[in-house]
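Have a look at the structure below before the remarks.
Hydrogens, waters and symmetry mates play no part in the numbers below; they use all other heavy atoms, side chains included. Throughout, protein chains are lettered first and strands after them, A, B, ... in sequence-line order, and every chain is numbered starting at 1.
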Amino acid sequence: MLRHFVRLTRPSYRYASSSTKPWYVTTPIFYPNAAPHIGHLYSLVTADIFARYNRIKNPSRPVVFVTGTDEHGLKIQKAAKAQNLPPKDFCDVISQQFRRLSEEADISHTRFIRTSEQAHYDTVQSIWRDLDSQGLIYKGSYSGWYSVTDECFYTDAQVTHIPETPSSPARIIAKETSSPVEFSEETNYMFRLSSFREALLQHYTTHKDAIFPDAYQTYVLGILESPLEDISISRPHSRLSWGIPVPNDPEHTIYVWVDAVISYLTGIGYPWKDTGLSHGWPVDIQVIGKDIVRFHTIYLPAILLALNLPLPQRLLTHAHWTSSQKKMSKSLGNTTDPFQAMSEFGVDSVRYYLAKVGGRFRDDVDWSHIQVSKHDKELQALVGNLFMRVTSATMMSRVKEALENPEGSTELPEDLRTAFRELSDASAVLGSKVQESMDEMEVADALDSIVELLRLANKVLSDAAPWKNPLAHVSLESHRSCLEALRVSGICLQPFIPGVAVRLLDALGVPQEKRTLESVKETNTFEDVQVGTRLFGPRK
RNA sequence: GGCGGCGUAGCUCAGCUGGUCAGAGCGGGGAUCUCAUAAGUCCCAGGUCGGAGGUUCGAGUCCUCCCGCCGCCA
């Protein structure tokens with residue numbers, strides 16, 4: 001007899017941001033059937049921004065950041081076969097590219113998991129047995145349009161009907177590959193997803209901000225307002241051998257997405273001896289792409305409910321990158337190699353672009369070589385040039401002169417006093433503005449606040465014109481207030497462009513322990529400014 | 001077909017929760033500076049806010065219809 005597994009009476013775990021458990025963020029686990037692309041980098045950078053942000057927001061709270069590769073499945077099996085490699089060897093190569101991408105993009109992940117790891121393997125089988133013992137798995141039949149050539153099923157939407165012609169009969173083919181398909185049926189293991197519809201609906205009704213942006217919350221609620229059908233979670237071993245075998249049934253292989261989503265648990269050591277809190281569970285932010293929303297908002301939570309585990313706190317769903325307004329596609333030849341982009345523009349300029357342009361999460365965003373180049377220049381001018389203006393030989397000598405003659409007048413014209421006060425006020429509130437935006441997942445707004453402050457600093461410096469103003473005190477005040485703007489900006493820029501931010505803070509002589517969000521409110525004496533530091537690498 | 005999202009200056013985008021009835025950056029034109037990483041600052045031009053109705057004292061913002069684009073419907 002089937003147990004009724006809806007747990008409506010059990011409170012969902014909702015930990016406040018001041019919770020002491022480690023803060024946990026994930027990228028989607030990547031499917032390495034080909035080399036990584038800009039979309040993968042976007043997911044990595046997005047997750048990294050939140051990881052780094054939380055490190056400077058709550059320095060005493062550990063941050064756990066899991067990324068990795070999902071290495072089973074038919075596409076990988078076929079890609080390996082095409083290269084005459086065993087799947088494991090193929091995955092070793094491609095997974096290494098993803099790991100290298102993470103490292104070269106300055107991603108501060110704490111764990112790179114691969115679903116081919118033995119511990120993950122064992123845990124997936126263990127979870128399968130658990131679900132099975134609860135009566136949540138049963139054998140059923142799956143039917144659809146099967147392609148012998150492609151060795152897979154297609155849905156109605158994925159096939160098209162070719163009418164009869166004088167030389168050929170009517171037929172149905174797969175849209176993607178044009179291979180002929182025929183309606184077939186096979187036996188698979190099914191998961192009782194339907195049992196969880198009410199609990200899931202309640203969860204998303206109660207937690208209206210579970211998914212960001214709102215449009216995806218609405219989308220998921222719409223799905224859950226209709227009957228939820230059980231889903232197939234296995235494939236015949238004869239067709240899919242590269243995967244985790246179904247326990248006690250070697251003729252079936254666990255479907256790839258099942259073991260993929262379990263990696264968020266195994267990435268932090270599940271099954272735990274305790275509740276998982278000390279390991280970081282539940283996930284605080286789960287970064288996902290819009291193409292995998294169902295897996296992460298419905299299938300995974302259903303499994304978690306079945307395992308009696310709290311659900312992820314929030315999901316951040318990002319859209320895709322287009323290339324000069326066209327969908328990126330290998331067949332179109334308009335994909336961008338992320339390694340090449342980082343090499344050409346610098347890691348931080350690429351991160352800046354991804355965060356600035358991609359940091360609103362509303363819809364697809366455009367990757368354009370011209371736009372990336374412009375953002376690269378903007379960043380260098382905003383941060384690099386401002387630092388050089390403030391620490392120039394002329395400026396430093398004027399400051400020295402002012403310091404050596406403290407009896408000089410400190411009275412400033414009113415317009416300059418107002419300008420300096422405005423800049424100081426803006427510096428003082430930057431931390432709060434960035435925190436407010438980031439806590440609302442508004443990455444682009446946070447970055448815009450920093451840019452605005454740096455622009456204001458450049459303006460005030462031009463207004464004051466200390467390089468020619470006869471009042472020595474103007475030099476001192478300009479120097480001090482612009483360094484302060486750079487300092488607070490440097491602290492706040494760490495999540496977005498960590499390399500430049502660290503070099504800036506080093507050049508300003510900011511101690512390591514004074515680089516937290518809290519430190520923005522404090523003052524700095526700038527006794528150890530390293531004049532002449534170049535914050536950006538050489539340019540062509 | 002159903003559901004959801006989008007459409008604002010040449011380009012990329014803010015403007016969600018109705019109120020000095022439209023802004024920013026880039027690009028374009030002009031001026032200025034030369035402290036500075038060929039960088040800075042100032043000014044100007046540029047908009048049927050997809051179209052048509054409606055609600056309202058008032059709508060880019062709410063409602064209806066239409067047009068176009070995108071996504072989902074294991």
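Nearest-nucleotide positions on RNA chain B place A/S392 closer to the 5' end than the other of A/S392 and A/S232. Along RNA chain B, the nucleotide nearest A/L382 and the nucleotide nearest A/D445 are compared for position; the residue whose nucleotide lies closer to the 5' end is A/D445.
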Stepwise ring-ring contact (aromatic ring centres under 6.0 Å, His included) check, A/H375 with A/F345: CA-CA 10 Å; A/H375 281 74; A/F345 296 111; over 10 Å; no
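The nucleotide whose nearest atom lies closest to any side-chain atom of A/K468 is, among B/G25, B/G4, B/U34, B/U34. In the set B/U37, B/G40, B/G25, B/G40 carries the atom at the smallest distance from any side-chain atom of A/R389. In the set B/U12, B/C35, B/A74, the nucleotide with an atom closest to the side chain of A/R294 is B/A74. Side-chain proximity of A/V365 to the nucleotides B/A36, B/C13, B/A74 is greatest for B/C13. Distances from the side chain of A/S462 to the nucleotides B/G40, B/U37, B/G71 place B/G40 closest. Residue A/I231 places its side chain closer to B/A74 than to any other of B/A74, B/C35, B/U37. Distance from the side chain of A/R362 is smallest for B/A14 among the nucleotides B/A74, B/C35, B/A14. Checking B/A36, B/C72, B/C33 against the side-chain heavy atoms of A/Y219 singles out B/C72 as nearest.
Whole-Å rounding puts the A/L453 CG to B/G25 C1' distance at 17 Å. A/L456 places its CG atom 15 Å from the P atom of B/A24, with the value rounded to the nearest Å. Residue A/R360 contributes atom CZ, which lies 12 Å from atom C1' of B/C16 at whole-angstrom precision. Atom CG in A/L386 sits about 14 Å away from atom P in B/A38, given to the nearest Å. In this structure, A/L228 atom CG and B/C3 atom P are separated by 19 Å, rounded to whole Å. The distance between atom CD1 of A/I450 and atom P of B/A24, rounded to the nearest whole Å, is 21 Å. One atom, CG of A/L224, and another, C1' of B/C73, lie 14 Å apart when rounded to the nearest Å.
B/A31 sits 23 Å from B/G23 when the C1' atoms are compared, rounded to a whole Å. Between the P atoms of B/G1 and B/C63, the separation comes to 22 Å (whole Å). Taking atom C1' in both B/G58 and B/G18, one finds a spacing of 8 Å when rounded to whole Å. Comparing the same atom, P, in B/G47 and in B/C72 gives a spacing of 38 Å after rounding to whole Å. Nucleotides B/G28 and B/C67 place their P atoms 40 Å apart, quoted to the nearest Å. Spacing between B/A52 and B/G71 at atom C1', rounded to whole Å, works out to 27 Å. The separation of B/U48 from B/C44, taken at their C1' atoms, amounts to 23 Å, rounded to a whole angstrom. Here, B/G40 and B/A22 have their P atoms 30 Å apart, quoted to the whole Å.
Ring-centre distance between A/W321 and A/Y353: below the 6.0 Å cut-off.
The backbone N or O of A/S194 lies less than 3.5 Å from a partner atom in the side chain of A/D230, making a donor-acceptor pair. A donor-acceptor pair is defined here as one N or O able to donate and one able to accept, closer than 3.5 Å; such a pair exists between the side chain of A/N405 and the backbone of A/E401. At least one donor-acceptor pair closer than 3.5 Å links the side chain of A/R417 to the backbone N or O of A/L412.
A/Y216 and A/Y219 have perpendicular rings, their planes meeting at more than 60° on a 0 to 90° scale where under 30° would count as parallel. A parallel orientation is assigned to the rings of A/F361 and A/Y42, their planes being inclined by less than 30° (bins at 30° and 60°).
Among the atoms of the strands shown, base atoms are found under 4.0 Å from some heavy atom of A/L535. A/G384 comes within contact range of at least one nucleobase, with a heavy-atom separation under 4.0 Å. Across all strands shown, A/E378 has heavy atoms under 4.0 Å from sugar-phosphate atoms exclusively, and none from any base. Contacts of A/Y353 with the nucleic acid, taken as non-hydrogen atoms under 4.0 Å apart, are absent.
Pairing analysis of RNA chain B (Watson-Crick: purine N1 to pyrimidine N3 plus N6-O4 or O6-N4; G-U wobble: N1-O2 and O6-N3; both under 3.5 Å) yields stems of 3 or more pairs at B:1-7 with B:67-73, B:10-13 with B:23-26, B:28-32 with B:40-44, B:50-54 with B:62-66.
Contact of the A/I137 side chain with the A/R192 side chain is not registered, since no non-hydrogen atoms from C-beta on lie closer than 4.5 Å.
Listed pair A/K459 / B/C42 meets the phosphate criterion, a side-chain N or O lying under 4.0 Å from OP1 or OP2.
The base of B/A74 is paired with the side chain of A/R235 by a donor and an acceptor separated by under 3.5 Å.
Open room surrounds CD on A/E452; 12 or fewer heavy atoms of other groups in view lie less than 6.0 Å from it.
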